A.B. asks: 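Below: one structure in structure tokens.
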Protein chains: 2
Amino acid sequence: MEGGLAQKIKLSTIADALGVSTATVSLALRDSPLVADATRDRIKDYARAIGYIYNRRAASLRTSRSGIVGVVVHDIMNPFFAEILRSIESELDRSGQTFILSNHYDQLEKQRTFIDTLLQLGADGVIMSPAIGTPREDIEMMEENGLPVVLIARQVEGALVPVFRGDDAYGIGLATNHLISLGHRRIAMIGGTDQTSTGRDRYRGYVLAMEKAGLEVKPDWRVPGPRTKQGGFEATGQFLALKDKPTAAVCWNDLVAIGLMNGIARAGLVPGVDISVTGYDDLEEAAIATPALTTVWNGQREVGRRAARALLDRLGGNHEPVTPDLIRPELHVRQSTGRPSQR
Amino acid sequence: MEGGLAQKIKLSTIADALGVSTATVSLALRDSPLVADATRDRIKDYARAIGYIYNRRAASLRTSRSGIVGVVVHDIMNPFFAEILRSIESELDRSGQTFILSNHYDQLEKQRTFIDTLLQLGADGVIMSPAIGTPREDIEMMEENGLPVVLIARQVEGALVPVFRGDDAYGIGLATNHLISLGHRRIAMIGGTDQTSTGRDRYRGYVLAMEKAGLEVKPDWRVPGPRTKQGGFEATGQFLALKDKPTAAVCWNDLVAIGLMNGIARAGLVPGVDISVTGYDDLEEAAIATPALTTVWNGQREVGRRAARALLDRLGGNHEPVTPDLIRPELHVRQSTGRPSQR
DNA sequence: CTGAAAGCGCTTACAG
DNA sequence: CTGAAAGCGCTTACAG
């Protein structure tokens, strides 16, 4: 029953002990129907008894299948990605694939280093939220080297690979229209960047909704940059000092919204009463924030699930046409939004 | 410059093209001083030009070094672990090791599956926060199979491997004493479990501090279980309904504390004024919570850094004696604690 | 249903 | 400073 490091146990150890060939052992351990039941059981029992450990590197060298899938995101400390990862994980788990994770922190070089590692390990595929500035050529290089790619959250212009993300322009429109319908006329947009497709789409959606309602869009009312709680918190001063005092803020995401609400509360105002705030993503946290956050459900679970399935499909040899499947967001109204107050 | 999948490029492709042996190419690519400078440059340039990809599986099969380190935690969605991971990542990065991550969600079976995978991949080592109920034998099995283990956050009774964690009894004592010194006499403890060494240590520390101050410790005043924001939030009702109405709560961690503060605010009370609350960990978030959270710094960065270094040391062949290095926590006083109010 | 043998792409003594 | 050859531990045609 002991593992023991004394003599490395390999297929041939078992073959020799049982008087069969390594081919038979190999097939038996993988439950091949080519092996007689009795032989198979005898082999598996013995292997277990002496603590045999399958050497995947050797197998993978021979089969050129590694059972490894790479996952690359901006930052796992961001709960948005953490929720996506969780659902990727549960899909991958049941397929027996191991996944390797890396944060690129939007540094192209870090992303490239990791992609290199994946190629060297012979990874079977990769799911990635590409770093800002990822060129189409990087994606093509991976595909050419036999590493199938599935993108999440962000697009790479011109890359012909599946992308799973929410319909950002539509989603931010839901939040903006909600505020407009409550009577808000001066609405700011806090956070986000124009450097990503997501950032551009959300800003566009906000502008579109404002214009459709015949409302003025002041460039000042956009405070770009913040993407974290800390960022939202720190943007409070700038927001409260805006000319014409907006009565509401459409935030880049839930983190920024929660940070901003904290900042607003510190300034002695009541978020949801004095100032309305919307988030984006509907993180688990949104529902228990104070006040509970009105936000846009962005389908993280769905994004992760579909991306993982799409990749597994490709690994299974399925070469379906690429459907650029936009997930339709939903507005979840809670307590952080209300009619505009006089201030 | 094209990568191309046409003909798989390997060492011998380069050797043939340049009229040298694969041994020379192998050595040159790894900057061996055995190869003449001119030869090395010629080889490296050519390799780059034709888009050669190093096959780590083959190398690893030969050298039995994989360059892979496993990291196993309870849940990466927990910011406590995310902060530890970040510092592990930065240490490992500079050593050129790739890391594979897995959550065990305190399920022993999931942890075992992952450990199996690491053994099969020939991982060089593993850093783990062991799942509840991990027996000493599991750790020993890994070590016997050549997989060095370093533990973080939790201990495994009887396992002779390095453990990096904070001094929990001491840390919770800091929080408890702080409340006592503010004049609190009825102090509850919210969250945590007796099933882990950490859980037992923190409860013990709380009890000890209370007794030292001559205060009564009512079993009722312990609300075990919660470990997340959601959990803290949901425990609010039970906490507010406690007999003899405690004026303060020592929480299991920052997440529970923030959830509880949200719940208290929803109930119309002001955390930090009507009821004092302390956290544990000092997550980045603690400072921007409303009110800013008084908490105990638990040295996440430090835990990650030291664990990674200890593992790398062991990989480097260093067999130093095991120092059970407890990190000394520090109290960070903010706005969530104050003198007891009459209620 | 089972076995003998080649080969996946590296690295490492060993010669020269 | 460089080359020829063995071997890491599997799997896969190919025979029988």
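Computed from a predicted model, the values in this text were never measured in an experiment. Letters A, B, ... mirror the listed sequences (proteins, then strands); counts begin at 1.
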A.B. asks: Which nucleotide in the set C:dT2, C:dT12, C:dC10 lies at the smallest distance from any side-chain heavy atom of B:Ala23?
C.D. replies: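 Out of C:dT2, C:dT12, C:dC10, the nucleotide with an atom closest to B:Ala23's side chain is C:dT12.
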
A.B. asks: Just to be sure I understand the rule, does A:Ser64 reach a base, reach only the sugar-phosphate, or reach nothing, if contact means heavy atoms closer than 4.0 Å?
C.D. replies: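 Touches nothing.
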
A.B. asks: To the nearest 0.5 Å, what is the distance between CD1 on B:Ile100 and OG1 on B:Thr117?
C.D. replies: 8.0 Å

A.B. asks: At under 4.0 Å, does any side-chain N or O of B:Thr63 touch on OP1 or OP2 of C:dT11?
C.D. replies: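 Result: no.
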
A.B. asks: Please give, in whole Å, the distance from D:dC1 P to B:Leu34 CG?
C.D. replies: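 About 8 Å, once rounded to whole Å.
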
A.B. asks: Whole Å only: how far is the CZ atom of A:Arg56 from the P atom of C:dG9?
C.D. replies: 19 Å

A.B. asks: I'd like to know if the side chain of B:Ser21 pairs up with that of B:Thr24 as donor and acceptor (distance under 3.5 Å, no hydrogens or angles considered).
C.D. replies: yes

A.B. asks: Does the side chain of A:Arg301 pick up a donor-acceptor pair with the side chain of A:Ser87 at under 3.5 Å?
C.D. replies: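 No, no side-chain donor-acceptor pair sits under 3.5 Å.
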
A.B. asks: Could you tell me whether A:Arg86 and A:Glu83 make a salt bridge, using a distance below 4.0 angstrom between a side-chain N and a carboxylate O?
C.D. replies: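 Judged by the 4.0 Å cut-off on N to carboxylate O distance, A:Arg86 and A:Glu83 do not form a salt bridge.
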
A.B. asks: Base, sugar-phosphate or nothing for B:Ser60? Non-hydrogen atoms, less than 4.0 Å.
C.D. replies: nothing

A.B. asks: Whether B:Arg30 contacts C:dT11 is assessed here as follows: a side-chain N or O lying under 4.0 Å from the phosphate OP1 or OP2. Is that the case?
C.D. replies: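 Looking at the OP1 and OP2 atoms of C:dT11, one of them is under 4.0 Å from a side-chain N or O of B:Arg30.
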
A.B. asks: Considering only side-chain heavy atoms of A:Lys8, which listed nucleotide, D:dT12, D:dG9, C:dT11, is closest?
C.D. replies: D:dG9

A.B. asks: Taking the nucleotide of DNA chain D with the closest heavy atom to each, which residue, B:Arg40 or B:Arg62, is nearer the 5' end?
C.D. replies: B:Arg40

A.B. asks: Checking all strands, does B:Gly122 fall into the base, sugar-phosphate, or nothing category for heavy-atom contacts under 4.0 angstrom?
C.D. replies: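 Nothing: the residue B:Gly122, judged by heavy atoms under 4.0 Å, touches no strand.
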
